[in-house]
4 protein chains.
Amino acid sequence: MKTKDIILATAKEMISQVGFHRATTSNLAKTANISEGTIYRHFESKEDILLHILAALEEQFSYFIESVRQKLDKDQCTLEMIMVDYFAFVEENEVDVKIMLSTYGLLDSSKRLMAIFLKNLELILQDCIKLGIKKGNVKDVPVEENATVVMTIIFGLTRLHLYWPNETDVRTEAIEFCRRSLLK
Amino acid sequence: MKTKDIILATAKEMISQVGFHRATTSNLAKTANISEGTIYRHFESKEDILLHILAALEEQFSYFIESVRQKLDKDQCTLEMIMVDYFAFVEENEVDVKIMLSTYGLLDSSKRLMAIFLKNLELILQDCIKLGIKKGNVKDVPVEENATVVMTIIFGLTRLHLYWPNETDVRTEAIEFCRRSLLK
Amino acid sequence: MKTKDIILATAKEMISQVGFHRATTSNLAKTANISEGTIYRHFESKEDILLHILAALEEQFSYFIESVRQKLDKDQCTLEMIMVDYFAFVEENEVDVKIMLSTYGLLDSSKRLMAIFLKNLELILQDCIKLGIKKGNVKDVPVEENATVVMTIIFGLTRLHLYWPNETDVRTEAIEFCRRSLLK
Amino acid sequence: MKTKDIILATAKEMISQVGFHRATTSNLAKTANISEGTIYRHFESKEDILLHILAALEEQFSYFIESVRQKLDKDQCTLEMIMVDYFAFVEENEVDVKIMLSTYGLLDSSKRLMAIFLKNLELILQDCIKLGIKKGNVKDVPVEENATVVMTIIFGLTRLHLYWPNETDVRTEAIEFCRRSLLK
DNA sequence: AATGAATGAGGTTTCATTCAT
DNA sequence: GATGAATGAAACCTCATTCAT
């Protein structure tokens with residue numbers, strides 16, 4: 001692993017555990033077994049590290065959205081599937097997502113990415129609901145509002161899963177919950 | 001307004017806007033038009049200010065829970081009512097709730113309070129669902145899991161409301177969403 | 001007891017226990033059950049309190065010296081008596097002496113008083129030894145040097161007594177020690 | 001000289017001259033021509049600097065005690081020799097000893113070290129007096145008490161030498177004083 | 001590329017002192 | 001005389017960043 005990636009990996013772990021402000025460059029260097037100066041060979045600033053983490057997450061998310069879009073285009077998309085896929089996406093990017101969630105109240109760049117998450121998921125869900133209605137599977141409910149509600153469920157469960165791992169996992173039951181509410 | 005309350009009010013505003021770490025005592029003093037030393041006449045430490053804010057919120061929340069419990073005992077409680085009441089509670093304690101949400105990843109005392117929020121709301125929702133099932137209004141669904149799902153919706157909407165005020169308000173539609181899913 | 005005396009008494013206790021710097025005006029006021037402002041009605045500054053304590057001790061010491069001088073003038077003075085009397089003087093002014101000992105490395109006024117202690121005791125001891133030699137009771141030793149030695153014994157024992165109260169008390173044996181060394 | 005040693009040397013000088021509390025990190029940095037932050041690269045806290053100074057002194061003292069013990073074991077030890085050697089030891093560690101003397105009323109670690117000084121010197125003196133009595137050179141006096149008296153003389157002279165350098169040096173005469181008192 | 005000592009701005013906190021009541 | 005809130009300078013300490021090696 002290259003030094004830059006070691007720094008990124010270590011920073012991810014630290015920031016997700018203690019938060020951005022308590023993840024000091026000094027600690028980061030110690031934990032990563034490098035010198036503090038080295039950090040600045042690879043990143044312009046401490047915030048720059050976070051930007052790299054967020055950029056990588058943004059890329060992963062765009063892949064995820066793209067794959068869902070493709071399924072949508074092939075008529076193979078259901079609400080259930082989106083939820084299952086998103087939960088899988090979070091599982092694979094657990095640390096990164098946690099960082100985004102813990103910093104979007106503090107940093108503009110993080111808030112920007114979170115907005116992208118919101119908007120894209122909302123749009124996908126809208127399209128999926130629209131499709132369902134057209135197909136006759138989904139009840140005739142207001143599309144935008146219900147997409148937003150499903151989104152809050154998805155994000156709420158994500159947060160519960162990441163920050164309260166001792167709570168029983170209700171992701172499957174949540175899908176049932178939505179099915180009952182939306183499917184005919 | 002007494003100095004202590006000025007400090008508290010100013011701190012609330014600052015912390016909710018820029019987060020706990022960026023709300024420095026120096027800035028706080030300047031904004032509140034007092035000297036830094038004065039802060040320490042009224043609070044033991046910067047963290048102590050936060051503890052006071054959280055303690056006040058905890059008290060407000062306990063009142064809220066109590067009032068819901070009373071309605072439950074009188075059989076006047078519906079899921080819809082809990083959601084409406086909680087949204088009203090958040091509206092009245094907007095800044096405080098936002099502070100809790102932005103600090104529970106960083107501070108134990110804040111996480112403790114958030115856990116109280118989770119646990120109490122979950123229990124109330126469970127009791128309410130149980131009651132509904134007994135009365136025959138609510139479908140025969142797994143109680144605990146569905147209470148948790150409703151709770152994630154409630155908290156998710158709260159967060160959406162506080163951090164993304166430009167999003168259209170779907171709280172009413174969310175209630176409909178739950179009715180469709182749970183009511184017979 | 002007047003407020004001024006309450007302050008002095010409380011300050012003595014505090015300074016002798018935790019030292020001048022750790023005896024804060026805030027603590028002093030709390031312990032004395034008065035307000036911080038009141039301190040400054042009676043004393044110009046925190047150091048001024050110390051000066052009053054030292055001045056009182058200086059006065060007591062001058063009484064002590066005077067009484068010894070009178071005995072000397074009446075030919076009723078022995079080394080033994082000076083030692084016994086000084087130990088009694090310390091016993092009566094324990095706290096004050098301890099304060100002087102703990103501050104003379106830090107404060108000029110305190111060092112000045114300590115110099116007075118040294119000089120006066122030295123002179124008295126010199127005169128006493130001279131008298132003893134003249135009378136034929138004391139060996140013919142260098143007066144000044146031996147007075148200084150006896151003085152270091154006296155001050156050393158005082159310090160031992162005040163700071164290491166668990167050490168066995170050797171003040172009586174110390175007198176024997178000096179008798180063996182100086183008396184014929 | 002390395003930065004750490006510069007800091008230590010400067011701190012020694014400052015603390016011995018103005019005391020621990022008045023030796024501020026700000027002043028220390030200015031005097032040592034470094035920034036305040038640098039101090040904390042080399043020491044954990046201001047007190048940590050003092051602990052290093054005391055630890056070094058403790059080590060030197062243990063060497064001193066060991067060397068005296070060796071002489072004792074070889075029967076080459078006299079009270080006179082212990083006094084001369086200790087005075088030499090103080091001469092070589094003047095500043096450090098002064099720091100210990102000025103802080104043992106304030107700091108536990110310093111008081112601990114002073115207790116070590118007391119105890120070790122007392123024990124050595126006791127053994128030396130015992131040996132002298134057995135050999136027939138020393139009068140048959142109570143061992144412990146007389147050891148303590150000699151110790152107070154030694155420490156008293158040390159203090160006189162360090163804090164009152166203008167007083168005439170009576171260390172040689174003090175040895176005579178003890179010889180007259182203890183030797184047959 | 002890497003190091004790690006040094007920096008200095010700025011953080012939290014303390015405390016002797018003042019002043020309106 | 002007394003109060004105690006307020007002050008502000010200065011204390012100790014942290015930490016992102018720089019720089020000579």
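Per chain, numbering begins at 1; letters A, B, ... match sequence-line order. The model shown is predicted, which means the values in this text are computed figures rather than measured ones.
The side chain of Ser35(C) contributes no N or O atom lying less than 4.0 Å from OP1 or OP2 of dG4(F). Using a 4.0 Å cut-off, some side-chain N or O of Thr3(B) falls inside it from OP1 or OP2 of dA6(F).
Of all heavy-atom pairs between Gly19(B) and Leu106(A), the closest is CA-CD2, 3.7 Å. Scanning all heavy atoms of the two residues, the minimum distance from Lys12(A) to Val95(A) falls at O-CG1, 3.4 Å.
Annotation: cation-pi pair Lys46(D)/Phe20(D) present, NZ/CZ under 6.0 Å from the ring centroid and within 45° of its normal.
When distances run from any side-chain atom of His42(D) to the nucleotides dT3(F), dA6(E), dA6(F), the shortest one goes to dA6(E).
Rounded to whole Å, atom C1' of dT7(F) lies 13 Å from atom CD1 of Ile7(B). As a whole-Å value, the separation of Met14(A) CE from dC15(F) P is 10 Å. Atoms CG (Asn33(C)) and P (dA2(F)) sit 13 Å apart, rounded to a whole Å. Remark: P of dC15(F) and CG of Leu28(A) are 13 Å apart, rounded to the nearest angstrom. Atom NZ of Lys30(C) is separated from atom P of dA2(F) by 20 Å (rounded to the nearest Å). Between Ile6(B) atom CD1 and dA5(F) atom P the separation is 14 Å, expressed in whole Å. The CD1-C1' distance, from Ile39(D) to dA11(F), rounds to 12 Å in whole Å. Rounded to an integer number of Å, the gap from CZ of Arg22(B) to P of dC15(F) is 16 Å.
At distances below 3.5 Å, at least one donor-acceptor pair connects side-chain atoms of Thr31(C) with backbone N or O atoms of Asn27(C). The main-chain N or O of Ile6(A) is found under 3.5 Å from a side-chain atom of Thr10(A) such that the two form a donor-acceptor pair.
For the pair Glu58(B) and Arg112(B), the salt-bridge criterion is met [side-chain N within less than 4.0 Å of a carboxylate O].
Side-chain atoms of Tyr63(C) and Glu59(C) include a donor-acceptor pair closer than 3.5 Å.
In terms of the side-chain contact (heavy atoms from CB on, under 4.5 Å) criterion, residue partners of Leu8(C) (sequence neighbours excluded) are, by chain and number, Asp5(C), Phe43(C), Ile49(C), His52(C), Ile53(C).
Backbone-only contact: Ile34(D) has heavy atoms under 4.0 Å from sugar-phosphate atoms and none from a base.
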**Complete:** The dot-bracket string of DNA chain E, counting Watson-Crick and G-U wobble pairs with both distances under 3.5 Å, using [ ] for crossing pairs and | for pairs to another strand, is .||||||||||||||||||||

**Complete:** Per-nucleotide protein contact along nucleotides 16-21 of chain E, 5' to 3', at a 4.0 Å heavy-atom cut-off (B base, S sugar-phosphate only, - neither), is BBB---

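For the pair Tyr163(A) and Lys98(A), the minimum side-chain heavy-atom distance is below 4.5 Å.
Taking atom C1' in both dT21(F) and dA1(E), the straight-line distance is 13 Å, to the nearest Å.
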